[in-house]
Amino acid sequence: MFKFEPIIQTKLWGGSKIARLKGISDRNDIGESWEISGVEGFETVVAEGPYRGMPLNRLVATLKEQLVGRSVYQRHGNQFPLLFKFIDACDDLSIQVHPDDEAARRNGLQSGKTEMWYVLPSAPGARLYNGLAVQTDAEGLRRMVADKTIMQALAQYEISEGDVFFIPAGRIHAIGAGCMVAEIQQSSDTTYRLYDYDRRDRDGHLRPLHIEQAADCTDYNVLPDYRTHYQPTVNKPTEVISCPYFTTSVLPVNGTAAVDCSTTDSFVVVMAVSGQGTLTADGSDGTFIQAGQTVLLPATTQRLEAAGTMKLLLTKCQKL
């Protein structure tokens, strides 16, 4: 069971919630905590144990399929395929879209970016934007960006803790002010900004937009509802997202819960999104975990036991 040193990212729109989660004092500009990352230049390192200080992708290269699973290693090699974050938005994030694998590779990038959000305790009335609410096309999208009416074209959701949203590559989206989410995604940091409220960076410059790239990779289909609906069951994992890149389940723990990992040819990442407790893998010594912490279970894990009062997200790498 591996814990990593998170990478703390300051943002123009960052707040103080992550700082409180992480026990960091006097900070109100933290926008993201990258919990487990193999992104080049932003690799998390092992926090403790015999591999302490080792970057994630080197850990994959060292342990290979024992860490990530045979099929995962065959597809991704030494590159860890997913990225796990906590995001705290004190201000609105830009309206953005991510390319799919094909569009990313046309632009010389390794992969696209499909992701999901799990909503953590957020400010009353906080909203997320996910998907188009009106039918349009690339020309219409450019026009709405130019006349600053793009917000009116997006599906908006007032959120509550535990809400889940899936954001496949190509779906326009944004995190609104007051939101805090756990984000699970492909290992990519490619973002095309469509609109940024004419916001300026710390040096007074307008942040760059990527309107043509965004228009080219946007999915223009309109759906009646973009929220993922599910019914959690105490002490049993409930699958909420399954896509070609990852499968995520919600596990509310009250007392003791057991998860069979014996047929999973993948690592499992556990994110604690509320409460606290102990994780035990295959009868090993228990590892304490609390809200805001993340651990990686190797693919060799047969059985996970969780004890305490907490809510966990369990993610494995889905076979393509």
Side-chain angles (χ1 to χ4, degrees), residues 17 21 35 82 84-87 114-131 133 154-168 171 173 175-176 178-186 221-264 266-280 289-295 297 301 303-319:
K17 297 187 187 75
L21 269 181
E35 298 288 294
L82 300 178
F84 298 81
K85 302 178 183 178
F86 291 114
I87 299 177
T114 284
E115 59 191 0
M116 65 160 283
W117 295 323
Y118 177 93
V119 176
L120 301 172
S122 299
R127 290 177 176 270
L128 291 172
Y129 304 84
N130 190 22
L154 303 181
Q156 304 181 27
Y157 295 89
E158 189 168 324
I159 56 171
S160 300
E161 182 180 359
D163 283 351
V164 171
F165 293 86
F166 181 52
I167 309 102
R171 182 171 293 171
H173 61 278
I175 298 174
C179 295
M180 187 171 183
V181 303
E183 182 173 275
I184 299 163
Q185 58 167 92
Q186 286 179 267
N221 291 309
V222 176
L223 303 181
D225 187 7
Y226 295 94
R227 194 195 310 256
T228 297
H229 298 275
Y230 69 101
Q231 185 62 49
T233 302
V234 175
N235 294 333
K236 291 185 178 180
T238 298
E239 185 179 292
V240 292
I241 298 295
S242 183
C243 70
Y245 307 102
F246 58 85
T247 296
T248 298
S249 299
V250 174
L251 175 60
V253 180
N254 187 3
T256 303
V259 181
D260 180 11
C261 303
S262 62
T263 61
T264 300
S266 167
F267 59 86
V268 177
V269 170
V270 182
M271 301 182 81
V273 292
S274 69
Q276 62 182 30
T278 302
L279 300 179
T280 305
I289 190 170
Q290 63 183 4
Q293 294 183 335
T294 305
V295 300
L297 304 180
T301 303
R303 178 182 172 89
L304 169 67
E305 293 184 356
T309 302
M310 55 186 171
K311 190 170 290 183
L312 307 174
L313 302 182
L314 310 178
T315 299
K316 62 182 180 180
C317 190
Q318 185 79 338
K319 184 175 181 179

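Bear in mind that the values here come from a model prediction, so they are computed numbers and not experimental data.
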Worksheet item: Is any side-chain heavy atom of D163 less than 4.5 Å from a side-chain heavy atom of L128?
Response: no
Smallest heavy-atom separation, M310 atom then A306 atom, equals CE-CB, 3.8 Å
Output for pair (T114 OG1, L82 CG), nearest 0.5 Å, gives 11.0 Å
dist L279:CG -> Q293:CD (nearest 0.5 Å) comes out at 9.5 Å
**Sub-4.5 Å side-chain heavy-atom contact between E161 and S274** = yes
For E158, the salt bridge (Lys or Arg N to Asp or Glu O under 4.0 Å) test, sequence neighbours excluded, returns R127
So the side-chain hydrogen bond (donor to acceptor under 3.5 Å, both in side chains) pairs with at least one residue in residues 248-261 (sequence neighbours excluded) are T248-T315, D260-S262
Here the gap from I184 atom CD1 to Y118 atom OH, rounded to the nearest 0.5 Å, amounts to 10.5 Å
Check: Would you say L297 and V269 make side-chain contact, with heavy atoms under 4.5 Å?
Finding: no
For this session: Check whether any side-chain heavy atom of H173 sits under 4.5 Å from a side-chain heavy atom of F165, and report yes or no.
Result: no
When every non-hydrogen atom of M180 is compared with those of S122, the smallest separation belongs to N-OG, 3.0 Å
In short, A272 meets F86 closest at the heavy-atom pair O-CZ, 3.9 Å
Sequence neighbours excluded, the answer for ring-ring contact (aromatic ring centres under 6.0 Å, His included) partners of F84 is none
Residue set satisfying salt bridge (Lys or Arg N to Asp or Glu O under 4.0 Å) with K17, at least two apart, ordered chain then number -> D88
Give a yes or no on whether the backbone of I167 and the side-chain of E115 come within a donor-acceptor separation of less than 3.5 Å.
no
Between L304 and the options L251, L312, V270, the side-chain contact (heavy atoms from CB on, under 4.5 Å) test singles out V270
Nearest heavy-atom contact between L314 and P237 is CD1-CB, 4.3 Å
Worksheet item: What's the verdict on side chain to side chain contact (heavy atoms under 4.5 Å, CB included) for Q231 and T238, showing C-alpha distance, side-chain angles and the deciding distance?
Response: CA-CA 8 Å; Q231 185 62 49; T238 298; over 6 Å; no
Any side-chain to backbone donor/acceptor pair from Y157 onto Y226? Under 3.5 Å, distance only.
yes
Correct closest heavy-atom pair for C179 and I159 would be SG-CD1, 3.4 Å
message = Between K85 and Q185, is there a side-chain heavy-atom distance shorter than 4.5 Å?
response = yes
Residue set satisfying salt bridge (Lys or Arg N to Asp or Glu O under 4.0 Å) with E35, at least two apart, ordered chain then number -> K22
Evaluate the side-chain proximity of V268 to T301: yes if any heavy-atom separation is below 4.5 Å, no if none is.
no
Correct closest heavy-atom pair for E305 and R303 would be OE2-NE, 3.0 Å
Taken in chain and number order and not counting sequence neighbours, the residues that satisfy ring-ring contact (aromatic ring centres under 6.0 Å, His included) with F166 are none
Does the side chain of F246 reach to within under 4.5 Å of the side chain of K316, using non-hydrogen atoms?
-> no
